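Remember, it's a predicted structure, so these values are computed and weren't measured experimentally. Letters go in sequence order (proteins before strands), and every chain restarts at 1.
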Amino acid sequence: MMESDRRRDSRTWDWDSSQCRAQLDEVFFRPHDYIQTGSLEHKEFWSFFDRFQRFKGKRDMSLSKGSDEVKDGNQESKSRKKASVDLGLPKDYDARYRINVSVCTRDVEERLGVSERRRQTSSGPGKEEVATCRLTLLHFLDFCQRQSFCKLAKLRREQKSLPIFQYRDRIVELVRTHPVVVVAGDTGCGKSTQVPQYLLSSGFSHIACTQPRRIACISLAKRVSFESLNQYGSKVGYQIRFETTRTPATKLLFLTEGLLLRQIQQDAELGQYQVLIVDEVHERHLHCDFLLGVLRSLLRLRQDLRLVLMSATINIKLFSAYFDEAPVLQVPGRLFPIQVIYQPIPPEEQPSRSEKLDPRPYLRVLQGIDQRYPIEERGDLLLFLSGVAEISTIQDACQTYATHTRRWIILPLHSTLSLAQQDKVFDIAPPGVRKCIISTNIAETSVTIDGVRFVVDSGKVKEMSFDPKAKMQRLQEFWISRASSEQRKGRAGRTGPGVCYRLYAESDYEAFAPYPVPEIHRVALDSLVLQMKSMGLGDPRSFVFIDPPPAASIQTALTYLKEQGALDGHAELTSIGRLLSQLPVDVVIGKMLVLGSVFSLVEPVLTVAAALSVQSPYLRSAQHNPDCATARQPLYSNQGDPFTLLNTFNTWVQVKAERGGGSRKWCRRRGIEEQRLYEMVNLRRQFKELLKSHGLLAAEQGATCWRDRQQRRQRLGERKKLHQLKRDHDLQEGNRRKVLRLEEGEEGVGSSGSEGEEEGRERRGKDGAGQSVDIQEVKFKLRHNVTELQEAAGASRDLSSRQQALLKLVLCRGLYPQLALPDEHNATRKDSEQIFHTRNKQGVVIHPTSVFASDPEVLHVPEQEPRETGPEKGESSRHQLLAFVTLLETNKPYVTNCARVPALQALLLVASSVDTNADCTRVVVDGWLELTLSDAEAALRSISSALTLRDDWERLLQAQLRNSATGPAAPAVSHKDLGKLSEGLVRFLLYTEAASTLLNKVSYGLRRLGGLESQNLYVGPQQVPGLPDAPALNPLFPGIKAEPHPVKGGLRVTGFFTYNCLSDSKDMYSECLRTFWSCPHCDLYMPLTPLERMHHEATCRPAGELQPKEEPEDGKAASSSSSSSSLTRVYHCDVCDKDLTLTSTEILKHKRQHL
Amino acid sequence: MEFGSTEGTPRGLFTCELCELTTPFTYYGQKPPNTRAIVLLEECYVMKDPFCPEKEKFLVLGSTCSLCHKTVCVGADCSLFYTKRFCLRCVREHLDQFPPPIQAELMKKKPTGKTPGLASS
Ligand SMILES: [Zn+2]
Ligand SMILES: [Zn+2]
């Protein structure tokens, strides 16, 4: 203090000194002042101060030079005489008179005697400095006011200039007076941002606005909250799968169509909303079409509900008619004129099938633009192609041209690119250079890029369709519709007049379909039908869709859901089906989750299910980068892709726990899109919560982690900091666009995901203070407990071979019937020519992203088989099948996300149809796979064990599901029973490989049946009466209607197993097949037929283990489940002529007495 | 982040009589709430500054012309403050009484004259 006093006294006040400024801070920026020391405004004030002083200095200089002011002053006094009113304005101009604010600061308070701390002022800054600072502060406040007001005025101006603005009152009026209103307007009319605001500001509340895309929910919520001056409040929010900004104060919510449907599933009347706006209905997404159907019936229940459909001006009548001729308000779009040029591709440049696209027609457009339009006239080019391969072909050619001319930056755009690469299309090209964005139809509606002046339309699109016969997705190329064509054209006229080059003839255009085929006509309806069932919408075939899907599609879905066990014979939901309908994933993935929760495999199954539900984190572009490939190597598992994904996730969690944000670099090194891993971790958590809420997972898990109060406090403190970081990030997030470098595109070809690109992105993310905030990392930490995750990852990282076998079985049962058989000649083929067969599709190949694509040998049957047991040719104990997640046909039919499973074991444990001959040496699975076992004893043993295991498994599963249906209570299934079952399953799965087990290797042949063979497979029903002791056999399977199979013949023993129905059966009576057998568990030793033995094994348990008969059993459930057996029954012995109540083993023993 | 309760309930709609800018205001007067040190030199229509995260930051929307008593926004095309609020119409009418810098400013503005109300004057 003494120091500064002296300085001031000696007139050494230094405005640049931080101490001097700090002294003024104590006068002007105290904790209770309008601006506080340390705040953002405070920082801005001092930089304003410097600018203001510089400005004042310059102005003073220029004033002292000229004398104009004096002249003006004279004029002023002259004209004043004319004035009628004296405004009483001060004579001398002072800018401070223009400020309508005054500030009461410490100096003023002291002058007024408010403050007592008079003594301190003597050591503060001098009067002059205080005055300077005060004046600057006033100007600063005025400046801030002007700045904010300008923003507000600009906002209002923009709102007013939107074409929809003049319909504002009309829209509100229509919604007030009609239950359903259709607002149709083209791109740029402003309907998506304005209509919700109009309703909000005219008093409607509880408004939900659906969007087909998550990204649109976020960006619209942001934009609308800004426009409705509620940027920092929560009046406007969004809700998507894992994220919400919704609070009790939220009045307008943007959400996805799927999510609104889920909410209806919870609350059929949707009481939480007053107005529903369904946007982009013309896009005709599956969810949207369904949602419209559901809302149509909801309107009858809710007279007060208001529904607004928003659409492009496409097919409006359809929507209006569906809702009882609802009024339509049509709003013109705001597009600049667009010149259309038809440039059909000449025949010699037409690509023939299987040939690469000829780039010449596209290059001509680029050249044409270079020749015709001066480079000073800005304007980028957007080129629409059908798919990724096409994009890469044209990109290469254009890049060569660009490198040569240095006038273009070529950027690809499709959904499999990394997000960083996708983001680049929004960056700005340097002067004299145009962007050429080569895109799929993603840029038609989903992604909007400003500044596009030229559009090139190939007229083609690749669309996914579903082939119900082959149970296969198919990605095919089609001509686009006229509606799409217009949409593409429109992209050229958003910011100014544009040009659209159509690479087809006008006659082609005329021949296009008017609209694209709605999704509901193209895709598998499994999930939709399941959801309809769970919403109690009755028979899906009679539901009134806006545009009903083909009846066959619905039938296929119903059949499939029955096959999967989600629906019962009456097409009603089963307990597992009810659960599956709640899971936002494919039925197969949902099944996997439920199955995994039964065993102690929850953690790995959660991860695998999540991983299989998101796009692969492995960037395809990095596949050919040797560094990435090497770095990825340790993550690969030759067990299959799900295991690779599991390893990847677990290792990533480990990296995150150790290095936090360093995981970004770890991912980049390996060519991994970290965003996908974040999605996985979120999805995983959602699955976990669902399982918990359904009582399939004990709730106490994880609660142990934060027992410690100290720990909890620490965690709370950390969370507070994270929240602050997120807020800071949100505040700074603007549309700061980077200027592209000319070399940008050149790097893009081949080696994407390069360091340079990512560094650039990081640079952009840096905040003012210079430290980089990885917002994903912040969100991750806010949402997840890393320690808990690490434990979970640890639990599933080093799976024992037993756990791995069990996990595979769970995968396989979940994915069943999605199985593929390696072709028998694969061992002699090149890696790239390995082919596989599914039941409905022959000659499928493994997708190049799969581990098996580069390592197919692990799928081959080993050549050197031990010959001691003398297996016949082609027999082996090592046959394997591929369980796969999707079958997708692009240029070839590909299977993706595959895992290898042991064939015999997996089939016997999961297949829904297993048929055998009399001695079980020939087994046909699902009517297409034949297994031949030369060792009859081994065959019988395998089948018998499988029957027992499946029966136990099913019983435990049903008990678990029953429990979940009645609400989470005490575990329905004892750990001991589960342990036994897993032990049994593991032993069964591994016995061919582990020599130490009791069971020997089973060698068998495996082949696919030919068409003719599978047609003449069964003996058929007429053969059945020939069985001599059918009545005697029948009672051997109590609780199961072991009756002749009505179609196949033979004897249906369980729901999936039919004995002795194969037509080439050796025609032996079962009596002749009796062989001596000793039961390992009891003292039974007697000659038994195969069936008798299977049955004994199914009911006889080792000493000390609960016999199934002693378990209390829910009678109803037992009779509803086809494979579970009731335990005792009435047996009529013909010899004794008595009715006896016996277990089946007892019956066997009883019968033995009479032998 | 919850400002729902503290955003202040709108007291009415402020509409500029010249440019028709309309927006809800939460306070009218010279002492915006939660701002101990600030005093306005005129009675103003005020709202919470929507572009600023802190809830006590305010934004002056407009006030009343001291001559014609029209409600006008603070936008440079509608009004100016020079010890008192004047709508630009009144300023033009009494331009001679304003100091030269303001006169110069107004001269520059004339050709662009965006505000509909100004076209007639
Ligand atoms: Zn105004
Ligand atoms: Zn006036």
Side-chain angles (χ1 to χ4, degrees), chain A residues 30 32-34 39 41 68-69 72-73 75-76 78-80 82-95 97-105 141 144-153 156-157 160 201 226 228-235 245 247-250 723 727 731, chain B residues 1-7 13 19-24 32 34-42 44 47-63 66-67 73-78 80-86 90 93-104:
Chain A
R30 296 163 301 169
H32 57 269
D33 279 324
Y34 192 60
S39 66
E41 283 86 359
D68 291 357
E69 288 296 313
D72 282 351
Q75 264 179 346
E76 183 193 350
K78 242 186 273 165
S79 52
R80 182 168 288 184
K82 284 188 250 161
S84 49
V85 199
D86 184 7
L87 303 182
L89 299 177
K91 285 211 176 68
D92 295 319
Y93 176 79
D94 192 322
Y97 295 139
R98 306 191 64 166
I99 300 169
N100 66 346
V101 186
S102 78
V103 209
C104 180
T105 44
L141 289 174
C144 293
Q145 287 288 319
R146 275 174 208 280
Q147 218 178 19
S148 282
F149 187 83
C150 280
K151 264 193 201 171
L152 176 66
R156 291 291 189 241
R157 254 198 324 273
K160 262 188 172 178
S201 63
F226 174 77
S228 55
L229 311 180
N230 200 259
Q231 195 179 354
Y232 299 102
S234 58
K235 213 164 77 184
T245 57
T247 74
T250 303
H723 271 299
R727 258 198 305 273
L731 289 185
Chain B
M1 300 272 308
E2 182 50 72
F3 291 116
S5 49
T6 50
E7 274 156 33
L13 273 186
C19 71
E20 291 174 330
L21 177 129
T22 303
T23 215
N34 306 318
T35 53
R36 213 179 109 181
I38 301 279
V39 178
L40 300 175
L41 302 178
E42 54 174 342
C44 290
M47 74 182 295
K48 179 209 157 311
D49 185 344
F51 308 107
C52 196
E54 285 100 311
K55 58 176 180 285
E56 64 278 359
K57 295 285 182 283
F58 66 89
L59 173 62
V60 173
L61 298 167
S63 65
S66 59
L67 286 180
C73 75
V74 297
D77 289 335
C78 291
L80 62 78
F81 187 84
Y82 193 69
T83 71
K84 278 175 267 186
R85 177 70 53 187
F86 299 97
C90 292
E93 218 163 288
H94 303 278
L95 196 57
D96 52 342
Q97 293 192 45
F98 285 86
I102 292 181
Q103 291 180 7

Walk me through it: do Leu87(A) and Tyr82(B) pass the test side-chain contact (heavy atoms from CB on, under 4.5 Å)?
CA-CA 10 Å; Leu87(A) 303 182; Tyr82(B) 193 69; over 6 Å; no
Leading residue by heavy atom contact count with chain B [cutoff under 4.5 Å; candidates Arg146(A), Glu41(A), Gln147(A)]:
Glu41(A)
As an exercise: rank Cys52(B), Gly75(B), Cys90(B) by heavy-atom pairs under 4.5 Å with chain A and give me the winner.
Cys52(B)
Distance, nearest 0.5 Å, that separates OH of Tyr232(A) from CG of Asp49(B):
8.5 Å
So which of Ser148(A), Ala153(A), Cys150(A) has the biggest tally of heavy-atom pairs under 4.5 Å with chain B?
Ser148(A)
For Tyr34(A), is the NZ or CZ atom of Lys57(B) found under 6.0 angstrom from the centre of its six-membered ring and inside 45 degrees of the ring axis?
yes
Might you work through the side-chain contact (heavy atoms from CB on, under 4.5 Å) test for Tyr93(A) and Phe98(B), ending with a clear yes or no?
CA-CA 9 Å; Tyr93(A) 176 79; Phe98(B) 285 86; over 6 Å; no
Find the one option among Asp33(A), Asp94(A), Val103(A) whose heavy-atom pairs under 4.5 Å with chain B are most numerous.
Val103(A)
Would the Tyr97(A) and Phe81(B) ring centres measure less than 6.0 Å apart?
no
Relative to chain A, which of Leu21(B), Ile38(B), Leu40(B) shows the most heavy atom pairs under 4.5 Å?
Ile38(B)
Is Leu13(B) close to chain A through its backbone or its side chain, or both, or neither, when contacts mean heavy atoms under 4.5 Å?
neither
Kindly determine whether Met47(B) and Leu61(B) satisfy side-chain contact (heavy atoms from CB on, under 4.5 Å), including the steps that lead there.
CA-CA 7 Å; Met47(B) 74 182 295; Leu61(B) 298 167; 3.8 Å; yes
Below 4.5 Å from any heavy atom of chain A, which atoms of Ser63(B) appear? Answer side chain, backbone, both or neither.
neither
Examine whether an atom of Cys44(B) lies under 4.5 Å from a heavy atom of chain A, and if so say whether it belongs to the side chain, the backbone or both; otherwise answer neither.
side chain
Okay, Leu141(A) and chain B: the region with an atom under 4.5 Å from a heavy atom over there is side chain
So, the part of Arg98(A) with a heavy atom under 4.5 Å from chain B: the answer is both
Given the options Thr83(B), Leu80(B), Val60(B), Val39(B), Asn100(A) meets side-chain contact (heavy atoms from CB on, under 4.5 Å) only with Val60(B)
Under a 4.5 Å heavy-atom cutoff, which of Gln231(A), His32(A), Gln145(A) has the most pairs with chain B?
Gln145(A)
Tell me yes or no: between the side chains of Thr23(B) and Arg156(A), is some donor less than 3.5 Å from an acceptor?
yes
